[in-house]
Amino acid sequence: MDNILTVRELNFKLNQVLEARFPYIWIKGEVTNCVTASSGHVYFSLKEEQDLLNCVWFKHNHRDLAFDPLTGECFEEGNKPCLAKSLHDGQEIICAGKLAIYGARGQYQLIIEHAIESGIGQLHEAFEKLKQKLSHEGLFDTKYKKNIPAKIRNIALITAPTGAVIHDFLRIAQSRGIKSSIHIFPSLVQGDEAPQELISALKKASEHIFPNKMKADCIVFIRGGGSIQDLWAFNDETLARAIFSCEIPVVTGIGHEPDFSIADYVSDKSLATPSHVAQFLWKDKNTLIQELDTLEYSLQRFFWANYQHDEKELASLAKQLKLLSPQQKLTEKSAYLVLLSQHLNNIINQLLENNITNVQRINQKISRHEPAFALLQNKVFQLKKEISLFTNTTIIQKKKQIIQFQTKLQQNFTAFLKQKEFQLKEKQLMLEGNNPHKPLEKGYLYAEIQGKEQKIVKSIHDVRLHDTLTLHIIDGTVHADIKKINPVT
């Protein structure tokens, strides 16, 4: 009979089974038979109709809550007192703890670690249901999110008109907002009437005209932190649909870091706190100054880089123009003519010197001979004069020819340029005449069969019924289906 267990062994084994099967559970029920012992431990039962579960809440687990253990919500106004201090019969609560066997009575019981009122759990459940519903409908999809303008001129602010939240927002706006107008639309942000007031304020904000004759660039909802009950107005389905349908971008800053409402999900931009909203809408002035300095430096570098590039390109073009200039060619021809003239003068002078030398030599020979050579000397002298006259006449003619050549070259080049200019204007007129967009400016259009681009419709025989035409007009294209074809009669 080795398998016979003692009561303690059985209770121990049952404890192991419970701990393995239910290591940690949440359970909801109504409090009954609630007793607080002198030791501070709280004993009670949870009931649902006729079913009971014994519970014990030991004193060392009576801790004030800094956050909701079910939703994760941080309590902005400080720790909430432990529910054990106010637990009473008839109260519906949600408990969390471990199941264990109490050997002295042979009963299992729930050893509680946390407990909250059931109402909070119901709100959380309603929040999750609405969140899932709107998510399935696409109200949270990023493709519907509108972009927040980079420059904010007009802001419609929806919030409670009193409290630290609006003062913090306006303080940051005053220190950072540059040339922005803020119009406050006061509304309740808590309570049963708050959702309808928020919707009414949203409608007024979307229709409001600012002094600059423009509507709001964005609409802002802000509210301080609080419990899930305090923020429940922003979980209203009608308000969520109104925000989604708003044509103006909506920014929300509701609660603090852990708080997140349905309005936050459906808005175009959600920030953690109202202060974060103000910091998002306006950059810090020092940051703007640094960005402006960076842009100025970049602009200067870009300007000087372009200036130096254009300067080099201009110098290169000037050099090319100088090489191709008619004046340069004329200068080169004139220099060549001067060189030829100098060469001709040198040849003539050399010839003269040679002739003079020969004449002198002959003269010497004549002087040594009979006077009969005097007549020959006179002839030679006369010949010298004729040669000198001929030489001077030839030089003058050549210079005249050079001048005529220069004049004719300039005239021919000028005529050539005028001819090319005329041809260029003629080509330009031809291009303008053949420009396919010119008739379009007068209201004409041309058609192409879709799928057969580059094939312009010129006749009714080019198309068939139900073909799709691409009609080209001056500022775009129009697609049309052929319903009927009528020939010209």
Side-chain angles (χ1 to χ4, degrees), residues 1-75 77-132 227-230 232 235 258-260:
M1 302 295 291
D2 294 336
N3 58 345
I4 297 177
L5 302 176
T6 66
V7 173
R8 179 173 295 179
E9 288 173 341
L10 178 61
N11 286 340
F12 177 76
K13 289 182 179 293
L14 289 174
N15 256 328
Q16 288 182 317
V17 172
L18 287 175
E19 289 178 0
R21 182 66 180 84
F22 302 101
Y24 194 86
I25 63 170
W26 285 90
I27 189 166
K28 179 172 70 172
E30 181 184 339
V31 176
T32 186
N33 303 324
C34 181
V35 175
T36 302
S38 59
S39 61
H41 306 321
V42 179
Y43 299 92
F44 62 94
S45 298
L46 287 178
K47 75 171 183 177
E48 181 182 6
E49 297 181 355
Q50 303 301 320
D51 296 323
L52 289 176
L53 171 65
N54 292 328
C55 303
V56 57
W57 197 351
F58 293 116
K59 185 177 180 180
H60 64 269
N61 284 329
H62 297 179
R63 293 184 292 269
D64 294 343
L65 295 178
F67 64 93
D68 188 331
L70 186 63
T71 65
E73 169 203 343
C74 291
F75 301 128
E77 298 176 357
N79 294 356
K80 284 203 170 184
C82 180
L83 188 61
K85 300 176 182 177
S86 58
L87 198 64
H88 58 271
D89 289 349
Q91 189 175 11
E92 188 171 354
I93 64 172
I94 297 175
C95 300
K98 299 178 182 179
L99 289 173
I101 298 293
Y102 179 48
R105 294 182 183 174
Q107 297 176 336
Y108 78 95
Q109 61 185 4
L110 178 66
I111 300 175
I112 294 174
E113 294 185 10
H114 299 289
I116 59 174
E117 293 186 68
S118 177
I120 298 177
Q122 291 173 352
L123 289 178
H124 179 71
E125 183 178 356
F127 174 86
E128 289 298 328
K129 286 183 179 178
L130 179 58
K131 175 184 171 184
Q132 186 175 12
S227 65
I228 188 171
Q229 297 97 326
D230 296 337
W232 193 250
N235 294 324
D259 300 327
F260 217 81

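- Between the CG atom in Leu87 and the CD1 atom in Ile112 there is a gap of 7.5 Å [rounded to 0.5 Å].
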Q: Test side chain to side chain contact (heavy atoms under 4.5 Å, CB included) on Val42 and His62 and set out the steps.
A: CA-CA 10 Å; Val42 179; His62 297 179; 3.8 Å; yes
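- For the atom pair CG (Leu46) and CG (Leu53), the distance works out to 5.5 Å, reported to the nearest 0.5 Å.
- Remark: Asn61 engages Trp57, Arg63, Glu113 in a side chain to side chain contact (heavy atoms under 4.5 Å, CB included) (not counting sequence neighbours).
- In terms of the side chain to side chain donor-acceptor pair (under 3.5 Å) criterion, residue partners of Asn54 (sequence neighbours excluded) are, by chain and number, Ser45, Gln107.
- Of all the heavy atoms in Cys95 and Ile93, the pair that sits closest is SG-CD1, 3.2 Å.
- By the side chain to side chain donor-acceptor pair (under 3.5 Å) test, His88 pairs with Gln91, sequence neighbours left out.
- At least one side-chain heavy atom of Thr32 sits less than 4.5 Å from a side-chain heavy atom of Leu52.
- Put simply, OH on Tyr24 and NE2 on His114 are 4.5 Å apart, with the number rounded to the nearest 0.5 Å.
- Partners of Ser39 according to the side chain to side chain contact (heavy atoms under 4.5 Å, CB included) rule, which considers only residues two or more places apart in sequence or in another chain, are Ala37, His41.
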(Q) Quick one, Ile25 with Leu110, criterion side chain to side chain contact (heavy atoms under 4.5 Å, CB included). Give me CA distance, side-chain angles, the key distance, then yes/no. (A) CA-CA 9 Å; Ile25 63 170; Leu110 178 66; 4.1 Å; yes
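- Minimum heavy-atom separation, Phe44 to Cys34: CB-CA, 3.6 Å.
- Scored by the side chain to side chain contact (heavy atoms under 4.5 Å, CB included) test, Ala100 finds Asn15, Ile111 as partners (sequence neighbours excluded).
- Here CG of Asp89 is found 8.5 Å from CD of Glu30. Values are rounded to the nearest 0.5 Å.
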